[in-house]
Peer 1: 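A single structure is presented below for examination.
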Amino acid sequence: MITIVSAIYNGLDVNQLMWESFKKFHSEIPVKLIIKDNGSFDGSLEYFNSISDKVVIGERLSHGKSLDLLCDMVETEYTMVVDNDIEFT
């Protein structure tokens, strides 16, 4: 199993593309998805709440601090840190 962590702020269309492309090309990999939402107001928070193992909401943090927080939560052997504008192939 792998944990994917990502810090987001809006960008619903790229958030959906990131997750859908991962599932399309790598569906055989068991994955846990942990997201840090930094105040999205475009539906991204609701989208990830519907699919993620964990969505972290809280104070707005810098991108780097958000990723540090997420990485501290990982319990799997492997971790993938991705920006939300990644398209998997």
Side-chain angles (χ1 to χ4, degrees):
M1 176 173 276
I2 188 169
T3 299
I4 295 176
V5 299
S6 187
I8 65 161
Y9 175 73
N10 290 326
L12 178 60
D13 55 338
V14 294
N15 290 326
Q16 291 170 324
L17 180 61
M18 181 267 292
W19 183 239
E20 293 300 320
S21 68
F22 180 84
K23 290 190 321 184
K24 178 179 179 181
F25 293 104
H26 304 288
S27 61
E28 75 285 356
I29 300 172
V31 64
K32 182 175 185 177
L33 179 63
I34 305 176
I35 300 296
K36 168 66 171 96
D37 183 83
N38 282 309
S40 296
F41 53 85
D42 67 345
S44 293
L45 176 60
E46 294 78 11
Y47 174 72
F48 281 116
N49 270 325
S50 73
I51 63 166
S52 299
D53 294 305
K54 187 172 290 191
V55 176
V56 180
I57 309 166
E59 64 182 297
R60 291 186 69 179
L61 300 173
S62 69
H63 188 72
K65 286 185 180 183
S66 294
L67 293 176
D68 287 345
L69 173 72
L70 293 173
C71 288
D72 286 344
M73 300 171 73
V74 172
E75 298 173 345
T76 57
E77 184 176 357
Y78 301 103
T79 305
M80 183 183 304
V81 177
V82 299
D83 288 328
N84 64 332
D85 61 352
I86 296 296
E87 183 175 353
F88 292 93
T89 58

Peer 1: Find the distance between CE (Met73) and OG1 (Thr79) and round it off to the nearest 0.5 Å.
Peer 2: 12.0 Å

Peer 1: Which atoms form the tightest heavy-atom contact between Lys65 and Ser62, and what is the distance?
Peer 2: N-OG, 3.2 Å

Peer 1: Show the nearest heavy-atom pair for residues Tyr9 and Gly39, with the distance to one decimal.
Peer 2: CE1-O, 3.5 Å

Peer 1: Taking the side chain from Asn38 and the backbone from Arg60, do they hold a donor-acceptor pair closer than 3.5 Å?
Peer 2: no

Peer 1: Measure the CD1-OH distance between Ile35 and Tyr47 for me, rounded to the nearest 0.5 Å.
Peer 2: 9.5 Å

Peer 1: Has Ser52 got a side-chain atom pairing as donor or acceptor with Asn49's backbone, closer than 3.5 angstrom?
Peer 2: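 Judged by distance alone, no pair lies under 3.5 Å.
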
Peer 1: Indicate yes or no for a side-chain donor-acceptor contact from His26 to the backbone of Thr89 under 3.5 Å, with no hydrogens or angles considered.
Peer 2: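 Pair found, side chain donor or acceptor close to backbone of Thr89.
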
Peer 1: Rounded to the nearest 0.5 Å, what separates atom CG in Leu69 from atom NZ in Lys36?
Peer 2: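 Going from the CG atom of Leu69 to the NZ atom of Lys36 covers 7.0 Å.
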
Peer 1: For Thr76 versus Ile2, what's the shortest heavy-atom pair and its separation?
Peer 2: OG1-C, 3.9 Å

Peer 1: So, for Phe88 and Met18, which heavy atoms are closest and what is the spacing to 0.1 Å?
Peer 2: CD1-O, 3.5 Å

Peer 1: Can you confirm whether more than 12 heavy atoms, excluding those of Tyr78, are under 6.0 Å from its OH atom?
Peer 2: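 Check fails, neighbour count at 12 or below.
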
Peer 1: What's the shortest heavy-atom distance between Ala7 and Ser66, and which atoms?
Peer 2: CB-CB, 3.6 Å

Peer 1: Might you confirm whether atom NZ of Lys23 has over 12 heavy atoms from other residues, nucleotides or ligands at distances under 6.0 Å?
Peer 2: yes

Peer 1: Using modelled atom types and a 3.5 Å cut-off, is there a donor and acceptor pairing between side-chain atoms of Asp42 and backbone atoms of Leu12?
Peer 2: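 Side chain of Asp42 to backbone of Leu12: a pair is present.
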
Peer 1: With under 30° as parallel and over 60° as perpendicular, where do the rings of Phe22 and Trp19 fit, or are they tilted in between?
Peer 2: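 Phe22 vs Trp19 ring planes: parallel.
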
Peer 1: Apply side-chain contact (heavy atoms from CB on, under 4.5 Å) to the pair Ile8 and Phe48, showing each step before the final yes or no.
Peer 2: CA-CA 10 Å; Ile8 65 161; Phe48 281 116; 3.5 Å; yes

Peer 1: Hydrophobic cluster membership, with links at side-chain heavy-atom distances under 4.5 Å among I/L/V/M/F/W/Y: are Ile4 and Ile51 in one?
Peer 2: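 Same hydrophobic cluster.
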
Peer 1: Sub-3.5 Å donor-acceptor pair from the side chain of Asp53 to the main-chain atoms of Leu33, do we have one?
Peer 2: yes

Peer 1: Within a strict 4.5 Å, meaning less than it, do heavy atoms of the His63 and Asp83 side chains meet?
Peer 2: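 In contact.
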
Peer 1: State, to 0.1 Å, how close Asn15 and Asn10 come at their nearest heavy-atom pair, and which atoms those are.
Peer 2: ND2-O, 3.0 Å

Peer 1: Give, for atom CG of Asn84 and atom CG of Asp13, the distance between the pair rounded to the nearest 0.5 Å.
Peer 2: 9.0 Å

Peer 1: Is there a donor-acceptor pair closer than 3.5 Å between any side-chain N or O of Ser6 and the backbone N or O of Val82?
Peer 2: yes

